[in-house]
Amino acid sequence: MSGPGGPLPFDELLMDGGCVEILREYPVPHVMLRHNKIAFINSAAVALFDGESAESLLEKEIMEFIHPLDQERALSRMRGLDKNKPRSVPTKIRINTLANRLKMIISSSAMVCIKGERVIVATGVDVTDIYAMDNELRESEESFQRLFENMHDVFYRTNDQQQIVLVGPGAKRLLGYSVNEVIGKPASYFYPRPEDRQAIIDAVKKFGEVKDFPGQLRHKRGHVLDVSISSRVIMGPNGEFLGMEGVFRDVTEEVNIKKELKRLASTDDLTGLLNRRSFLEKANHLVRSLQRYQEDCLVVILDIDCFKEINDTHGHLSGDRILKDVSFIVKGLLRESDIYGRLGGDEFSIILRRCPLQEGHEICSRIVREIKDTKISLVHQNTISLSVSLGVTPLVKDDNPFVLALARADRALYLAKTRGRGCFGVTPLDGDSYLPMHTDLADH
């Protein structure tokens with residue numbers, strides 16, 4: 001092609017004669033990357049990656065193709081390019097192609113700015129025949145693949161935007177997602193509460209790594225798994241944050257076992273209420289909180305009247321049934337905020353929270369009436385009528401330890417027992433115990 005004065009200069013010839021076509025058909029494989037994604041790929045590079053067309057590779061993360069052991073080095077080299085160091089020296093890189101073939105290439109890259117935007121131009125020359133046929137390399141790669149695919153933990157890597165750029169095939173086993181469904185998604189996508197991901201990011205950035213960090217991930221089917229995560233930071237040559245990598249494993253069964261052991265350690269086997277140790281722990285914790293935050297609370301001790309005689313007459317199985325039924329009836333009359341436990345034998349204790357004394361009188365009266373009006377079924381299909389006695393006292397910040405309040409409640413209980421049972425007594429902070437005027441006395 002010629003201009004008015006003869007042949008065009010070569011740079012004008014390129015612009016006018018289809019420079020893109022020249023790049024596309026250039027015999028050396030090369031790609032152009034924007035934000036580590038393939039923005040342009042020539043025919044030779046399509047063949048190198050075993051692609052069918054350029055369109056099948058465009059917008060894919062380049063890290064999808066780089067071998068996991070080489071990814072950090074490749075990322076570091078690309079991140080290190082700037083105006084003072086616009087080119088990298090050639091280096092060996094392993095890639096995995098679309099046909100799942102491992103190839104060894106000699107790669108180099110350069111940074112160019114196009115209209116103020118940073119673009120990486122990378123080339124790669126296939127040298128697989130020279131390097132990859134080596135038996136030691138092949139055996140090493142096969143061992144790595146077996147480890148990567150069969151390891152119990154799932155390996156993952158994110159970029160600086162916390163998008164997943166690499167994940168082990170164990171993700172399918174653990175979370176139900178194929179590798180292709182995971183790659184490119186933000187790591188927070190797989191959290192039941194996406195904001196929880198930030199906690200591990202902050203910890204890794206602060207300490208450089210974390211081990212056995214507790215977390216939860218959502219399975220493809222919707223249920224939640226407890227996981228243990230160990231991760232470390234990936235930093236560039238200039239100290240910039242490149243992303244994170246690490247492993248996570250399913251610890252749901254372990255967490256459930258620990259929860260069950262904790263429940264068994266804190267729960268009364270027969271009634272399902274708090275056992276004595278757990279009840280006293282919660283009570284003492286509440287007393288400590290009362291030293292900072294004022295709250296009206298009442299302590300109640302409940303005792304089944306004549307339980308020993310009933311137990312001896314009808315047997316221990318019937319006695320167990322009575323204990324379970326009474327605990328269930330009382331629980332139905334309490335609020336969710338109240339603390340309720342079995343101290344031992346037929347003795348129970350309740351802490352009525354945010355409850356003035358008059359309201360506590362009404363709750364205790366309902367408990368006395370409800371038990372009296374309920375026929376309890378025994379093992380042999382017989383029924384029995386019961387009554388309970390209660391002792392009540394305020395709980396205050398000076399009741400440290402909590403047994404101080406229990407002692408006052410016990411005095412009120414003793415008064416209710418000696419005055420006819422089937423009622424409740426009250427011991428104030430100062431003064432003698434008394435029976436409220438509207439207490440219903442059982443007929444004995």
Side-chain angles (χ1 to χ4, degrees), residues 19-20 23-24 26 28-46 48-49 51 53-91 93-98 105 107-124 155-167 177 179-190 194 197-198 200-201 204-205 231-246:
C19 180
V20 173
L23 294 174
R24 185 173 287 119
Y26 193 71
V28 177
H30 66 266
V31 297
M32 295 184 184
L33 306 174
R34 296 170 60 195
H35 310 297
N36 291 343
K37 291 185 177 181
I38 298 174
F40 175 87
I41 183 167
N42 72 346
S43 299
V46 172
L48 178 66
F49 288 112
S53 63
E55 288 72 19
S56 65
L57 291 153
L58 291 178
E59 293 302 315
K60 288 188 176 295
E61 287 271 357
I62 191 65
M63 290 300 149
E64 292 184 31
F65 302 100
I66 298 177
H67 191 280
L69 294 181
D70 294 334
Q71 286 189 1
E72 185 175 349
R73 180 160 52 93
L75 276 170
S76 178
R77 285 164 57 84
M78 288 191 295
R79 291 299 182 112
L81 297 175
D82 55 31
K83 62 181 181 180
N84 297 319
K85 185 184 177 183
R87 298 179 184 83
S88 66
V89 297
T91 186
I93 294 287
R94 285 164 290 186
I95 65 170
N96 291 301
T97 72
L98 290 175
I105 66 172
S107 175
S108 60
S109 55
M111 185 199 77
V112 296
C113 284
I114 301 176
K115 295 183 178 180
E117 184 171 358
R118 187 176 186 270
V119 177
I120 301 295
V121 180
T123 66
F155 181 85
Y156 80 96
R157 178 177 289 146
T158 67
N159 59 18
D160 60 339
Q161 301 299 315
Q162 286 303 298
Q163 295 170 319
I164 297 177
V165 296
L166 177 70
V167 70
Y177 293 94
V179 171
N180 289 336
E181 290 177 306
V182 174
I183 297 296
K185 283 188 169 60
S188 60
Y189 174 84
F190 301 96
R197 176 65 184 174
Q198 191 60 45
I200 188 171
I201 296 172
V204 169
K205 285 185 175 180
S231 296
R232 71 180 187 92
V233 68
I234 302 174
M235 304 297 290
N238 299 319
E240 67 272 26
F241 177 72
L242 300 183
M244 294 162 47
E245 67 178 6

Exercise: identify the closest heavy-atom pair between [X] and [Y]:
X: R34; Y: V119; result: CG-CG2, 4.2 Å
X: I66; Y: Q71; result: O-NE2, 3.0 Å
X: S188; Y: R197; result: CB-CB, 3.9 Å
X: T158; Y: A187; result: CG2-CB, 4.3 Å
X: S56; Y: G51; result: OG-CA, 4.2 Å
X: A44; Y: V28; result: CB-C, 3.9 Å

What distance separates [X] [atom1] from [Y] [atom2], expressed to the nearest 0.5 Å?
X: R94; Y: I105; atom1: CZ; atom2: CD1; value: 11.5 Å
X: M63; Y: L166; atom1: CE; atom2: CG; value: 10.5 Å
X: K60; Y: I183; atom1: NZ; atom2: CD1; value: 10.0 Å
X: M111; Y: M78; atom1: CE; atom2: CE; value: 13.5 Å

Under a 3.5 Å distance rule, please check whether [X] uses its side chain to pair with a backbone N or O of [Y] as donor and acceptor.
X: S88; Y: S109; answer: yes
X: D160; Y: F241; answer: no
X: D70; Y: I93; answer: no

Do other residues, nucleotides or ligands put more than 12 heavy atoms under 6.0 Å from K185 NZ?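 Enclosed: over 12 neighbouring heavy atoms sit under 6.0 Å from NZ of K185.
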
Tell me if the CZ atom of R232 is crowded by more than 12 foreign heavy atoms within 6.0 Å.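 More than 12 heavy atoms, drawn from other residues, nucleotides or ligands, come within 6.0 Å of this atom.
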
Using side-chain contact (heavy atoms from CB on, under 4.5 Å), reason through N36 and V165 one step at a time and then give a plain yes or no. CA-CA 10 Å; N36 291 343; V165 296; over 6 Å; no

Could you check if a side-chain atom of [X] sits within less than 4.5 angstrom of a side-chain atom of [Y], using non-hydrogen atoms only?
X: I120; Y: L81; result: yes
X: I41; Y: F49; result: yes
X: F40; Y: H30; result: yes
X: I164; Y: F190; result: yes
X: R79; Y: I234; result: no
X: I62; Y: I38; result: yes
X: M244; Y: I201; result: yes
X: L98; Y: L57; result: yes

Among E245, E61, E64, find the one that has a salt bridge (charged side-chain N to carboxylate O under 4.0 Å, His left out) with R157.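 Exactly one candidate clears the test, E245.
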
Who are the side chain to side chain contact (heavy atoms under 4.5 Å, CB included) partners of N180, not counting sequence neighbours?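 Partners of N180 by the side chain to side chain contact (heavy atoms under 4.5 Å, CB included) criterion, ordered by chain and then number, come out as S178.
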
Is there a side-chain contact (heavy atoms from CB on, under 4.5 Å) between R77 and V89 once you walk through the steps? CA-CA 9 Å; R77 285 164 57 84; V89 297; 3.9 Å; yes

